[in-house]
Amino acid sequence: DLTRAIGKPWSIGPQLITQAEYYLQTTDSAVLPSIHARAIQIANAQSIFGTMGHHYSLPGPNGEVNGPYGIGYGPVNNAGMPCFLGLILANKCGLADPEIVAGIERASKYFAYYADLGTVPYGENKETGSIANNGKSGLAAIALGMVNDMDEEAKYFAKLSTFGAEERDGGHTGPFFNHLWTPLGSNMGGQDSLAHYFSRTSWLYDLCRRWDGSFVYHPYYQSGGIRGYGQGHEASWTALLTYAAPLARLHITGKNANPALVLAAADLAAIDHAIGYDPTTRTTPGLLDDLKSPLPQLHWSAGGEIGANRGADHATILPTLIDMATNGATYAEQHGAIYALGKVADDSTASVLSGLLSSPNSKVRYMAANALKNLSMTAKTTEITTIVNALVATDRPLLPLDPENPMHAEKQAFGKLLFDAGAGIWGGGRVAGADRNLLYPAFRIIATAPMGGTLSLIHISEPTRLWSGSRMPS
């Protein structure tokens, strides 16, 4: 019953985690009814993607649940992700109600999607360029590490959590959630992974330790004070969980952790290479090698350097970039090469990038559409038929959620390529000359895309300009 609030997302998720961990330690059946009530409420309060925000997702007009979020400015993943983790722990307590199982499944698909693209964002948005993003990589590593068939995704976020030591003291409204979840996410990658994280941050813990054994926060953070963040978020508690992680007494600190998530020496070496990375010191062949890194943050730095400062090498390296983009041995290699092609923005690559728009991998389509947008208007317009045909051919219903592409994120990239007022092929007044046989099907698909921000792309002009001379079929 979403009208009877046990607690809003910010509180009910941590409550459920705490109760479930207590039960899994003690088997005290007295708490099971409370665990069950919170788990059912969370499952019913999720959006279609398993997200929540400052409030629960509202029921539909006929009382149906798990629809669009539909309240406030949208989902907030630092509120919803602990709720997702709580559902997983409730399931470990033996609660297998259909609502709970379905809630775990929908949230797993949504958060796992961001693996290899970047970091889990603030809400239902594109990936961010952050590393830990105020604890969200850590939460994803912990939660997905307890879900079947999510080993690769969980391991990716464990890598980001270990790398995330570099931004420990950053975060929206302050880094409390970075302090709490990022080291625990690193711990999912094994003892060497956590030791690597701690080697970069131990001096901060030492400086924050007080004479009585407690820890201080930092008052200069938003909502920060000497003791902690806001009300009831103590710096001593996050430090305690970090120091206790090697004991693995709780599931969130690695009890019965999945051994498939343990980072190998090569993983830690890749993180070392990324720490303090300066692309200006790399040779051009070295930059091409960096585009194959499992960490997309290196792709952005290396690709940006290739595009901005290695112009003399563009003609020489374009064949290599094209081969990597089309035949890369890993998605990471394709991701890096396609990003670099977008930064080089050579019109001769238009047919290559438009061809990748039909890839069976939605993330390749997403990257290719973003890269193609950077080419000249003439080059993009030449490919318009290929672009729209790819959009139509790869369109799928939103439900049931596709674990490889739950939010149809590539439609936002197609939307920008076609309808962005500045760089879009049909942006602004350019729509007047559009072939309606291509415009109408593209418009219908973009208009049904669920990802936040996509619909605003098609508000490109007055209806009389867009549909002059004819009415758009419904």
Kindly assign one of parallel, tilted or perpendicular to the pair [X] and [Y], based on the angle between their ring planes and the thresholds 30° and 60°.
| X | Y | result |
| --- | --- | --- |
| F84 | F111 | parallel |
| Y339 | H335 | parallel |
| W426 | F419 | tilted |

So which heavy atom on [X] is nearest to which on [Y], and how close?
| X | Y | answer |
| --- | --- | --- |
| K159 | I271 | O-CD1, 3.7 Å |
| K416 | D420 | O-CB, 3.0 Å |
| Y69 | H55 | OH-O, 2.9 Å |
| L184 | A245 | CD2-CB, 4.2 Å |
| K343 | G303 | CB-O, 3.5 Å |
| N125 | P121 | O-CG, 3.4 Å |

Under the side chain to side chain contact (heavy atoms under 4.5 Å, CB included) rule, what do Q297 and Y277 come out as? Steps first, then yes or no, please. CA-CA 10 Å; Q297 288 79 8; Y277 179 75; over 6 Å; no

Counting only N and O atoms by type, is there a donor-acceptor contact under 3.5 Å from the side chain of [X] to the main-chain atoms of [Y]?
| X | Y | answer |
| --- | --- | --- |
| N374 | A345 | no |
| T201 | L204 | no |
| H172 | N133 | no |
| K109 | G50 | no |
| S137 | I131 | yes |
| E167 | A132 | yes |
| S47 | S57 | no |
| T238 | A235 | yes |
| N66 | I48 | no |
| R365 | A409 | no |

I'd like a table of donor-acceptor pairs (distance under 3.5 Å, sequence neighbours excluded) in which one partner is a side-chain atom from residues 349-359, with atom names and distances.
residue, atom, partner, partner atom, Å
T349, OG1, D346, O, 2.7
S354, OG, A350, O, 3.1
S354, OG, S351, O, 3.1
S354, OG, E383, OE1, 2.8
S359, OG, N361, N, 3.1

Let me check something: any side-chain donor-acceptor pairs from residues 191-198 under 3.5 Å, sequence neighbours excluded? List them with distances.
residue, atom, partner, partner atom, Å
Q191, NE2, P246, O, 3.4
S193, OG, T162, OG1, 2.5
S193, OG, S186, O, 2.9
S193, OG, S186, OG, 3.2
H196, NE2, D272, OD1, 2.6

Out of K136, M407, K363, which residue meets the side-chain contact (heavy atoms from CB on, under 4.5 Å) rule with Y114?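 With Y114 as partner, K136, M407, K363 yield a single side-chain contact (heavy atoms from CB on, under 4.5 Å), made by M407.
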
Close side-chain approach of [X] to [Y], heavy-atom, < 4.5 Å:
| X | Y | value |
| --- | --- | --- |
| F414 | V388 | no |
| E305 | R282 | no |
| L401 | E105 | no |
| R168 | T182 | no |
| I142 | W181 | yes |
| Y217 | P175 | yes |
| L291 | L321 | yes |
| F176 | N78 | no |

Ring pair (Phe, Tyr, Trp, His ring centres under 6.0 Å) between H54 and Y73: does it pass, once the steps are laid out? CA-CA 9 Å; H54 292 300; Y73 61 69; 5.5 Å; yes

Would you check, one step at a time, whether the test side chain to side chain contact (heavy atoms under 4.5 Å, CB included) holds for L288 with I306? CA-CA 9 Å; L288 292 175; I306 288 172; 4.2 Å; yes

D149: which residues meet the salt bridge (charged side-chain N to carboxylate O under 4.0 Å, His left out) condition with it, sequence neighbours left out?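 Result, salt bridge (charged side-chain N to carboxylate O under 4.0 Å, His left out) vs D149: none returned.
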
Rounded to the nearest 0.5 Å, how far does CG of L85 lie from CD1 of I104?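 So the gap between those two atoms works out to 10.0 Å.
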
Atom OG1 of T386 and atom CG of L438: how far apart are they, to the nearest 0.5 Å?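 Spacing of OG1 (T386) from CG (L438) equals 10.0 Å.
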
Could you work out, with side chain to side chain donor-acceptor pair (under 3.5 Å) as the rule, every residue matching D395, not counting sequence neighbours?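 Counting only residues at least two positions away or on another chain, D395 forms a side chain to side chain donor-acceptor pair (under 3.5 Å) with K411.
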
Applying side chain to side chain donor-acceptor pair (under 3.5 Å), name anything that partners S376, two or more places apart in sequence or on another chain.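 S376 satisfies side chain to side chain donor-acceptor pair (under 3.5 Å) with D347 only.
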
Using the rule given for side chain to side chain contact (heavy atoms under 4.5 Å, CB included), can you reason through I275 versus R200, listing the C-alpha separation, both sets of side-chain angles and the distance that settles it, and then say yes or no? CA-CA 10 Å; I275 292 171; R200 307 287 300 176; 3.1 Å; yes

Would you sort out whether E127 and Y366 count as a side-chain hydrogen bond (donor to acceptor under 3.5 Å, both in side chains), showing the intermediate values? CA-CA 11 Å; E127 76 286 351; Y366 170 77; 2.8 Å; yes

Tell me whether the centres of the aromatic rings in Y243 and Y205 are closer together than 6.0 Å.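 Yes; Y205 has its ring centre under 6.0 Å from that of Y243.
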
Sidechain N-carboxylate O distance under 4.0 Å for R396, D402: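 Judged by the 4.0 Å cut-off on N to carboxylate O distance, R396 and D402 do not form a salt bridge.
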
Report, one line per pair, each donor and acceptor closer than 3.5 Å where one atom sits in a side chain of residues 151-158; sequence neighbours left out.
residue, atom, partner, partner atom, Å
D151, OD1, N258, ND2, 2.8
Y156, OH, G118, N, 3.3
Y156, OH, G118, O, 2.6

With side chain to side chain contact (heavy atoms under 4.5 Å, CB included) as the test, would you mind laying out the steps for S108 and M150 before giving the verdict? CA-CA 8 Å; S108 297; M150 292 287 180; 3.9 Å; yes

